[in-house]
Peer 1: 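Would you mind keeping the following structure in view while I ask a few things?
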Amino acid sequence: MPLSAQETEIKNPPVSRPPLDPHLKALENEAIHIFREVAAEFEKPVMLYSIGKDSSVLLHLARKAFFPGRVPFPLLHVDTTWKFQEMIAFRDEIAEKYDLDLVVHTNARGKAENITPFTHGSSFYTDVMKTEALRQALDAGGYDAAFGGARRDEEASRAKERIYSFRTPDHKWDPRNQRPELWNIYNGMIRQGESVRAFPLSNWTEVDIWRYIQAEDIPLVPLYYAAERPYVERDGMMILAEDPRLELKPGEEVRHGMIRFRTLGCFPLTGAIRSSATTLEEVIAELEIATVSERQGRAIDRDQSGSMEKKKREGYF
Amino acid sequence: MTASASTGAASTGATILPFAEPAAKAGARDMRPLRLITCGSVDDGKSTLIGRLLWDTKAVKEDQATTLARDSGSQNDLGLPDFALLLDGLQAEREQGITIDVAYRYFATERRSFIVADTPGHEQYTRNMATGASTADLAVLLADARAGLLEQTRRHATIAALMGIKQFVLAVNKIDLVDYDEAIFDQISQDFRQFAQSLGIRQITAIPMSALKGENVVYAAGDASMPWYDGPTLVEALELATVRSAQAGGFRLPVQRVSRPGESFRGYQGTVSGGAIKPGDSVAILPSGTVANVKQIVTFDLVRNAAVAGDAVTLVLDRQVDVSRGDMIVSIDAQPMTGHHFDAQLVALQPGGIEPGKRYWLKSGTRRQRVSVEPLSQLELATGNWLPHATALGMNAIGKVRLSFDEQAIFDTYEQNRATGAFILIDPDTLNTVAGGMITAQRTDLGGIQIQREGERIILSLPADLAEQLMATDIFLKRRDETSIRRMTASQASEFFSDAASDI
Ligand SMILES: Nc1nc2c(ncn2[C@@H]2O[C@H](COP(=O)(O)OP(=O)(O)OP(=O)(O)O)[C@@H](O)[C@H]2O)c(=O)[nH]1
Ligand SMILES: [Mg+2]
């Protein structure tokens, strides 16, 4: 929907922020460049929106890239139906607030067969409800480019990935044969059915993400901040105990404590950390002295070395 | 002073505990990061070096250290982890014990932050080394102290230099395996300095190192093993290096897209690739040559009063002009070269090489157009000489070529502007990226007389008296019926050849 003349008139924003430091500014510029390049070169881009902190930064950058226009592509959320409840509420609020086209997809087969993280194990569950679901949604939408918020510092196989990461028609990644990617000249030429995953946040670290959220005042799901919450200890993780579908095993009990999350995924597979950081400043202060990586709280990354690469080859983000 | 690999990281409800000394205070880090690569021949220890660097700067977290200890096995007799595994993250790499593709890692010291690209030494994967080199400010070139400079070492140094890297650290690695012999270090350093001279590299820091043992990486080896060396450690050298300054020169904005959210707004979006701009400045739109003034510089945050190289902006002009993706908005008084013919250097990146006469896609900035490539010479790595070479350039060859475009192309030389002087070639059959190239000059032949080639026909623009002399020759008269002649005044001619105006 085209905006009226009045709406497109540029005004100074009511709050003026101090300028970004040169490091964050360079990262922001690079991400905006990638957004615009993909939007210009591909017929039908989509942005994967997982509601987490990286997605929140990604969305903020997309809005900046296309301002004063709308974000010119839809957001896709692959809903496994096992997300934290607060995430879903936050998602819908953001879509409304920023006038976004939101596409939500759930793997109907997996749902019909009642494939859950509790009954089928994290690895099979992830294959069906995340990877297969994603492939279904991308095929259904006919998208030829998909933005993701993955960062190279997250994991060793991600560290190898191009900014434009080529995918075959069946969404496969061939890490041994990636296209060269020189300077910031991206090769967006593909055949019918092939696609590209584009990663504007490739060169961001976890600390960069948090400092940018602070500098730009980006709203986040409250689960990132510490609060008194109910949890259950299972498999060396603290799992949030708010969803009625979580059944306690013998010997387990619901406890309460100050906890928060460093990453957000499906609640049964995401471990909390003990923390007293209730504000952004405190979260950053904690992060700067953290001795474990953020993926440590994620069951699906811990299965084995190389498990992320395997999932990615099959189409996972 | 290394992080402990034995800490049980997967314990219940991991609490975040402070390290005794945090590796870096992110808040203090407000410089742009230094981008560097490691390069050199296969197995020289590139990945081990970066792994060690990450380890010693505390960029490896406990859970990662645990995984590393688990995956390392007993691969060396020193009881040290296999630091290369921190970089070699692909299954195929771990199985074969080599690096296949470039890994990007991020770390920081108290002084600054770094983006490091660990590139593969194997010749087959030179394309991935070039990928890493294209964006780097500095190259750490490794040489195995036992082997010295190999052909692949020279190839990597050459590619790095061609791509505009001016700062080199020569890491004479595995010095522990030659009994810390100073003479060997001196010899290899001297060999490299000599070779580097032919590449025009002047800034070289040579450091004797053991990547595996961490000597002269973050911590100085000192009297324990190398009392004869009192130069900087690798990290000290990196902290002193300079980040490429933003492109000076004329303003350049390759247009990525036109933003038209409503009737009243029309903006041109792109990243400033050179110079600076402010409202009121006059600009030309290339290739059309239309002129306009900048009315506004729009960003999400505010309407700005200036934009400089690197900034992603939206420009609003003061009049209705025809601008589309692939055009370049430039300062009116310092314009880039426009024309149909350019000279360039390139690196062939794929098994098919670069074939003479084949029509490739060329992408530079936001502009993609058809081009045919004529090889002229190829670099002989052993001697550093350019040898005439008119046939296909094989994979990994470094060549000088002539580019011919169907439509006007817009470039600066790579020397002047890395962003508007670089290009990639895309094979129209495979759609893969088959070469990376750097513009060296606009093509001007015959002592400065502009010639323009259209298939087998050439259009020459000559002064009238010179043309008359030429037309009076026998050879011309014999083939008079194959030629067509138009007489024009200089101003008509310059309009006719407006695409080549900068050369007349
Ligand atoms: N003794 C000793 N061994 C080393 C040193 N540096 C690396 N190595 C060993 O050399 C071997 C190769 O090391 P890598 O780091 O994989 O070499 P690379 O240069 O990354 O290899 P490619 O990426 O495949 O070109 C490993 O077994 C290392 O442990 C060193 O300083 N001293
Ligand atoms: Mg390696």
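A note on names: the letters A, B, ... follow the listed sequences, proteins ahead of strands, and every chain is numbered from 1.
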Peer 1: Using the ring centroid of each side chain, check whether B:F423 and B:W361 are separated by less than 6.0 Å.
Peer 2: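 No; B:W361 has its ring centre 6.0 Å or more from that of B:F423.
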
Peer 1: Taking atom types as modelled, is there a side-chain donor on A:S165 or A:R167 under 3.5 Å from an acceptor on the other?
Peer 2: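 Present: a donor and an acceptor within the cut-off.
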
Peer 1: Given a strict heavy-atom distance threshold of 4.5 Å, which part of A:I190 is in contact with chain B: side chain, backbone, both, or neither?
Peer 2: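 Backbone only.
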
Peer 1: Answer with side chain, backbone, both or neither: which region of A:S275 has an atom nearer than 4.5 Å to a non-hydrogen atom of chain B?
Peer 2: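 No part of it gets close to chain B.
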
Peer 1: Name the option with the most non-hydrogen atom pairs under 4.5 Å to chain B; the candidates are A:M189, A:R191, A:E161.
Peer 2: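 That would be A:M189.
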
Peer 1: Find out whether the Lys NZ or Arg CZ of A:R152 is both under 6.0 angstrom from the six-membered ring centre of B:Y104 and within 45° of the ring's axis.
Peer 2: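 Pair A:R152/B:Y104 counts as cation-pi.
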
Peer 1: Select one option (side chain, backbone, both, neither) describing which atoms of B:L349 are under 4.5 Å from chain A's heavy atoms.
Peer 2: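 Just its side chain gets close to chain A.
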
Peer 1: Please state whether the side chain, the backbone, both or neither of B:L85 comes within less than 4.5 Å of a heavy atom of chain A.
Peer 2: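 Interface part for B:L85: neither.
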
Peer 1: Tell me if the aromatic rings of A:H256 and A:Y231 count as close, with their centers under 6.0 Å from one another.
Peer 2: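 Distance test on ring centres: not under 6.0 Å, no.
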
Peer 1: Between chain A and each of B:K363, B:M163, B:R127, count heavy-atom pairs under 4.5 Å; write down the option with the most.
Peer 2: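 Most heavy-atom pairs under 4.5 Å with chain A: B:K363.
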
Peer 1: Is there a donor-acceptor contact under 3.5 Å linking the side chains of B:T433 and A:N187?
Peer 2: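 Indeed, the side chains of B:T433 and A:N187 share at least one donor-acceptor pair under 3.5 Å.
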
Peer 1: Which residue out of A:I32, A:N203, A:N177 racks up the most heavy-atom pairs below 4.5 Å with chain B?
Peer 2: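 Looking at each of A:I32, A:N203, A:N177 in turn, A:N203 comes out on top.
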
Peer 1: Measure from NZ or CZ of A:R63 to the centre of the six-membered ring of A:Y98, then state whether that distance is under 6.0 Å and the direction lies within 45° of the axis.
Peer 2: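 Yes, A:R63 sits over the ring of A:Y98.
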
Peer 1: Between B:Q64 and B:K61, is there a donor-acceptor pair closer than 3.5 Å when you use the side chain of the first and the backbone of the second?
Peer 2: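 Between the backbone of B:K61 and the side chain of B:Q64 there is a qualifying donor-acceptor contact (under 3.5 Å).
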
Peer 1: Is it the case that A:R151 places NZ or CZ above or below the six-membered ring of A:W204, under 6.0 angstrom from the centre and within 45 degrees of the axis?
Peer 2: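 Judged by the rule, A:R151 and A:W204 form no cation-pi pair.
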
Peer 1: When heavy-atom pairs shorter than 4.5 Å are enumerated against chain B, which of A:A156, A:P175, A:A31 gives the highest number?
Peer 2: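 Between A:A156, A:P175, A:A31, the count favours A:P175.
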
Peer 1: Indicate yes or no: does B:R94 engage B:D71 in a salt bridge with an N to O separation below 4.0 Å.
Peer 2: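 Looking at B:D71 together with B:R94, the answer is yes, because their closest N to O distance falls below 4.0 Å.
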
Peer 1: Is chain A contacted by the side chain of B:T366, its backbone, both, or neither, given a heavy-atom distance below 4.5 Å?
Peer 2: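 Backbone plus side chain of B:T366, per the 4.5 Å heavy-atom cut-off to chain A.
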
Peer 1: Of all of A:R179, A:Q178, A:K25, A:E30, which one pairs up most often with chain B through heavy atoms under 4.5 Å apart?
Peer 2: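 Looking at each of A:R179, A:Q178, A:K25, A:E30 in turn, A:R179 comes out on top.
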
Peer 1: Within the structure provided, determine whether A:R162 and A:F199 are in side-chain contact (heavy-atom separation under 4.5 Å).
Peer 2: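 A side-chain contact is absent here, since even the closest heavy-atom pair is not under 4.5 Å.
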
Peer 1: Report which part of B:R367 has an atom under 4.5 Å of a heavy atom belonging to chain A: side chain, backbone, both, or neither.
Peer 2: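 Answer is neither: B:R367 stays 4.5 Å or more from chain A.
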
Peer 1: Give, as side chain, backbone, both or neither, the part of A:E309 having an atom under 4.5 angstrom from any heavy atom of chain B.
Peer 2: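 Only the side chain of A:E309 comes within 4.5 Å of chain B.
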
Peer 1: Answer with side chain, backbone, both or neither: which region of B:T99 has an atom nearer than 4.5 Å to a non-hydrogen atom of chain A?
Peer 2: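 When you check distances to chain A, only side chain atoms of B:T99 fall under 4.5 Å.
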
Peer 1: Let me know if B:L90 has heavy atoms under 4.5 Å from chain A in its side chain, its backbone, both or neither.
Peer 2: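 B:L90 touches chain A through backbone and side-chain heavy atoms alike.
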
Peer 1: For chain A, which candidate among B:V316, B:V313, B:D118, B:L86 shows the most heavy-atom pairs at distances under 4.5 Å?
Peer 2: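 Most heavy-atom pairs under 4.5 Å with chain A: B:V313.
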
Peer 1: Go through the atoms of B:V258 and report whether side chain, backbone, both or neither lie under 4.5 Å from a heavy atom of chain A.
Peer 2: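 Contact with chain A: none, neither part.
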
Peer 1: Is a donor from one side chain sitting under 3.5 angstrom from an acceptor on the other, for A:D153 and A:T205?
Peer 2: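 Side-chain D/A pair, A:D153 to A:T205: absent.
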
Peer 1: Between A:F66 and chain B, which part of the residue has a heavy atom less than 4.5 Å away: side chain, backbone, both or neither?
Peer 2: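 For A:F66, heavy atoms of backbone and side chain both lie under 4.5 Å from chain B.
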
Peer 1: Count the heavy-atom pairs under 4.5 Å between each of B:Q350, B:Q256, B:R368, B:R257 and chain A, then report the option with the highest count.
Peer 2: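 Most pairs with chain A among the choices: B:Q256.
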
